[in-house]
Each structure stands twice: as C-alpha cells, then as structure tokens.
Amino acid sequence: MRVWIAHEKGRELLGELPAGVEVEVCADAVTWPSDPAGVRFWVPPFTAKVRAADLLPRLTGLEVVQLLSAGADNWVGRVPPGVQLCDARGVHDASVSEWVVGAAIGTLRGFPAFARAQERREWAPGAPTPAPELTGRRVLIVGAGSIGRAIEERMAPFGVTVTRVARTARPERDVHAVDELSALLPYAEVVVLVVPLTDRTRGLVDAAFLAALPDGALLVNAARGPVVDTGALVAELVSGRISAALDVTDPEPLPADHPLWRLPNVFITPHIGGTVAGLLPRAYRLVGDQLRRFAAGEPLVNRVVDGY
C-alpha cells in the first residue's frame, strides 16, 4: 500500500506500520516521488505551490485523503466518490484554544497598543485605563466541537460564563442552536468563532449579528475568514463600538492596503493559531493510527460527511 505524506519528519512520527505499507514524501503536490496513480492513502500538505486538491484526478487509485487541518472546506465536494475524506479533528485543540485565550486577553488588555508604544519607545497607556479583563466575562463559543470544548476548559480558571452554540441544539449538553443566536448575542461580551466553513456558516457574522452585540464586545475569529462579512466588520469596528482579534481574514492574505490593518481596535495574526512546535507530532500520531486502521480494514475516525 503506497502512502504519500507531506513532511519528511513525518516518517519517524508515524509509529510502527504494518508490513507492506510504503511511505513516500510529497511535500508540495508538485514534485511527485512516484506515479500518483499508485497512491492509496494521501496526506496533503498544509500549503502547496499549487492547490493540492487539483492533484486528485491524477490519484486514480486513491482511497483516503487524510488532512492535517481541522477544517476541510477546501476539500468538500472535490474528493471523488468512494474516497474517504478525514480531517485532523483533535490535533489542533490545544494550539488553537491557546491562541484564542491569549488573543482574547491581549486584545482586552490593550497589548497591541502597548506593542506599538514600545516601538516608539514611548511610556504611555495606549489603551483604555482601567482595561477590560477576561475574568468574569460572558463568553459565547460558536462551534461546540473539540476545539470549542478545549477553549472552554482553558477559560474556566478565569471565572467566565460560557454559552455554547452549535449547528443544532443539544439540550442535554446545554448547547444552543445557531438559530438562537439573535437572542444570545446581546448578552455576549466575548464571541469566539470556531465553526467550520460551510454554506450555512459563510457570512454568518453579518451586520445584524454584529449590531446585536453589546458595546465593548470582543469578536475572536479562529474559524475561517469568510465566516465573517468583512465589510460589515470593518463598518462596526470603525465606529469603535466593538473590538476584534482575528487569526483569519477574508481576503487572506490580507492586502497591505486593507482598512483592517489601520484600525486600533483590531489584533491580527496571519492564520498561525494552530502552528506550534507540537503540531507535527500530534498530527502524524493521528495519521499513523489511521494508517493502521486502514490496513486492518477498520473504520477510520474523523470522517467528513456533508462538510462536517
């Protein structure tokens, strides 16, 4: 069974594999180590010189696409019938939740303004004093999957009150449905977005969503840029009524002349929420487990069905 993985280091991180599994490295979806037609299990790179999914027609023997990302929006609808698509659910829980907590605290406490003051060698408050704090905030987490749960666990020591929202309500777990957002938003002091990008979530955060937030609210986007209507967000931020911490934007990368860069109440990072030193060991531990399941004819985990 021929397997393509995206990182040379991944070989040593897969663990012991069954006999007959041949692992090759295809790091950029351009330089092919062998005939793509012979590949049965493919782990595409995070980024590539070409759109990795465009290689699919060449992989005529493919049976599994195992992503290293938690989101599968670039792949849904492009994988041929009969090919299993699996995401890396669970791999990014620690890193993304850590970014969310750090970004929320940093933005609320005015760290970006202090960083700009440091560059000017200026001892100045640079932000409202006294600053708001994460402690005791009412937090609305939109996306009640594994990353959402990890965020809730890491915020718990700050004494926050968490409201959970998912695609459908789960009353037994105190999870509200997306359809209930209009009633929940006026009470949310911090809103965290960790939903997948689907037809239902594209543009979810529109002008009406933002207008429903209370004054001083913080929007934290660790999902995908198109979940938020960028024009509506800019308009709300220009008013100074709310603030935002964004690891993702639409468009992405954000052009140098985009107005988001110039707004003092926005903290922006370049889609690095999940990029940490422990990423590859966690990711290839999952890949190794999936390979062993596949070789044994067992069901794979993290299968993406209907975009989720």
Inset, instruction - Could you go through the side-chain contact (heavy atoms from CB on, under 4.5 Å) check for Q290 and F41 one step at a time? - result: CA-CA 10 Å; Q290 292 282 70; F41 193 111; 3.9 Å; yes

Problem - Steps toward side-chain contact (heavy atoms from CB on, under 4.5 Å) verdict (V301, L286) - result: CA-CA 9 Å; V301 300; L286 169 65; 4.1 Å; yes

| task | Test salt bridge (charged side-chain N to carboxylate O under 4.0 Å, His left out) on D87 and R303 and set out the steps. | result | CA-CA 7 Å; D87 63 25; R303 288 193 62 191; over 6 Å; no

Query - Derivation of the side-chain contact (heavy atoms from CB on, under 4.5 Å) call for L55 and W4 - result: CA-CA 12 Å; L55 182 56; W4 278 3; 3.9 Å; yes

Walk me through whether D206 and V228 qualify under side-chain contact (heavy atoms from CB on, under 4.5 Å). CA-CA 6 Å; D206 57 11; V228 177; over 6 Å; no

- For S97 and R154, what are the C-alpha separation, side-chain angles and deciding distance, and is it a side chain to side chain donor-acceptor pair (under 3.5 Å)? CA-CA 7 Å; S97 59; R154 284 159 177 78; 3.2 Å; yes

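Of the possible polar contacts, none joining the T201 side chain to the V227 backbone as a donor-acceptor pair under 3.5 Å is found. The backbone N or O of T249 lies less than 3.5 Å from a partner atom in the side chain of E252, making a donor-acceptor pair. Without hydrogens or angle criteria, R11 side chain to V23 main chain gives a donor-acceptor distance under 3.5 Å. T107 contributes no side-chain N or O that, together with a main-chain N or O of A104, makes up a donor-acceptor pair within less than 3.5 Å. No donor-acceptor pair closer than 3.5 Å links the side chain of T269 to the backbone N or O of H271. Within the 3.5 Å criterion, the main-chain N or O of A222 finds no donor-acceptor partner in the side chain of D247. Counting only distance, with no hydrogens or angles, the side chain of R282 and the backbone of V91 share a donor-acceptor pair below 3.5 Å. Checking side-chain atoms of E189 against main-chain N and O of R137 turns up no donor-acceptor pair under 3.5 Å. For Q84 (side chain) and L300 (main-chain N/O), no donor-acceptor pair under 3.5 Å exists by modelled atom type. Looking at D199, its side chain never comes within 3.5 Å of a backbone N or O of R202 through a donor-acceptor pair.
A distance of 4.5 Å separates CD1 in I5 from OH in Y284, rounded to the nearest 0.5 Å. Rounded to the nearest 0.5 angstrom, R149 CZ and E153 CD are separated by 8.5 Å. Expressed to the nearest 0.5 Å, how far CZ of R40 lies from CD of E63 amounts to 4.0 Å. In this structure, CG on L67 lies 9.0 Å from CG on N74, to the nearest 0.5 angstrom. Separating the CG atom in N265 from the CD1 atom in I242 is a distance of 8.0 Å, to the nearest 0.5 Å. Atom NE2 of H7 sits about 10.0 Å away from atom CG of L13, to the nearest 0.5 Å.
Using a 4.5 Å cut-off between side-chain heavy atoms of Ile, Leu, Val, Met, Phe, Trp and Tyr, with links allowed through other members, W99 and V190 fall into the same hydrophobic cluster. Note: the hydrophobic cluster containing L263 does not contain L218 (ILVMFWY, side chain heavy atoms under 4.5 Å, direct or indirect links). Hydrophobic clustering of Ile, Leu, Val, Met, Phe, Trp and Tyr side chains at less than 4.5 Å, counting indirect connections, unites L14 with L280. In this structure, V100 is not a member of the same hydrophobic cluster as L140, with clusters built from ILVMFWY side-chain heavy atoms closer than 4.5 Å. V165 and V139 end up in different hydrophobic clusters when Ile, Leu, Val, Met, Phe, Trp and Tyr side chains are linked at under 4.5 Å.
In summary, the aromatic rings of W42 and W32 are positioned with their centroids too far apart to meet the 6.0 Å limit.
The environment of CD in E122 is crowded: more than 12 heavy-atom neighbours from other residues, nucleotides or ligands sit within 6.0 Å. Annotation: R170, atom CZ; neighbour count of heavy atoms from other residues, nucleotides and ligands within 6.0 Å is above 12. Taking a 6.0 Å sphere around CD of E152, one finds it holds more than 12 heavy atoms contributed by other residues, nucleotides or ligands.
Residue pairs meeting the side-chain hydrogen bond (donor to acceptor under 3.5 Å, both in side chains) criterion with at least one member in residues 218-231, sequence neighbours excluded: D73-R224. Residues in residues 175-188 take part in these side-chain hydrogen bond (donor to acceptor under 3.5 Å, both in side chains) pairs, two or more places apart or across chains: H176-E180.
Qualifying side-chain hydrogen bond (donor to acceptor under 3.5 Å, both in side chains) partners for D215, counting only residues two or more places apart in sequence or in other chains: R241. In terms of the ring-ring contact (aromatic ring centres under 6.0 Å, His included) criterion, F209 has no residue partners (sequence neighbours excluded). Partners of D174 according to the salt bridge (charged side-chain N to carboxylate O under 4.0 Å, His left out) rule, which considers only residues two or more places apart in sequence or in another chain, are R164. Annotation: side-chain contact (heavy atoms from CB on, under 4.5 Å) contacts of P18 (sequence neighbours excluded): V21, R292, A295.
The side-chain heavy atoms of V266 and S243, taken from C-beta on, include no pair separated by under 4.5 Å. Inter-residue side-chain proximity for L233 and L246 is flagged as met; some heavy-atom pair is nearer than 4.5 Å. With contacts defined as side-chain heavy-atom distances shorter than 4.5 Å, the pair V101/M155 qualifies. Using a 4.5 Å heavy-atom cutoff, the side chains of V142 and L181 are in contact. Side-chain contact between V287 and L68: present, with at least one pair of heavy atoms (C-beta onward) separated by less than 4.5 Å. Taking the side chain as every heavy atom from C-beta outward, F267 and L108 never approach each other to under 4.5 Å. Considering only heavy atoms from C-beta on, D54 comes within 4.5 Å of R78 through its side chain. Proximity of Q66 to F294: side-chain heavy atoms (C-beta onward) are nowhere separated by under 4.5 Å.
Here E12 does not pair with K9 in a salt bridge; the nearest charged N to carboxylate O distance is not below 4.0 Å.
When all heavy atoms of P132 and R109 are compared, the closest pair comes out as O-CD, 3.3 Å. Residues A256 and W261 share a closest heavy-atom pair of O-CD1, 3.6 Å. Nearest heavy-atom pair, L213 versus A188, reported as atom, atom and distance to 0.1 Å: CD2-O, 4.2 Å. Nearest heavy-atom pair, P80 versus L56, reported as atom, atom and distance to 0.1 Å: CD-CD1, 4.3 Å. Heavy atoms only, all atoms of each residue included: G274 and S95 are closest at CA-OG, 3.4 Å. When all heavy atoms of L185 and P214 are compared, the pair lying nearest together is O-CD, 3.4 Å.
Residues S146 and R89 have side chains that never bring a donor and an acceptor to within less than 3.5 angstrom of each other. S34 and R2 form a side-chain donor-acceptor contact under 3.5 Å, judged by distance and modelled atom types alone.
Tested against I151 for a side-chain contact (heavy atoms from CB on, under 4.5 Å), the candidates D93, V192, V162, V220 yield a single pass: V192.
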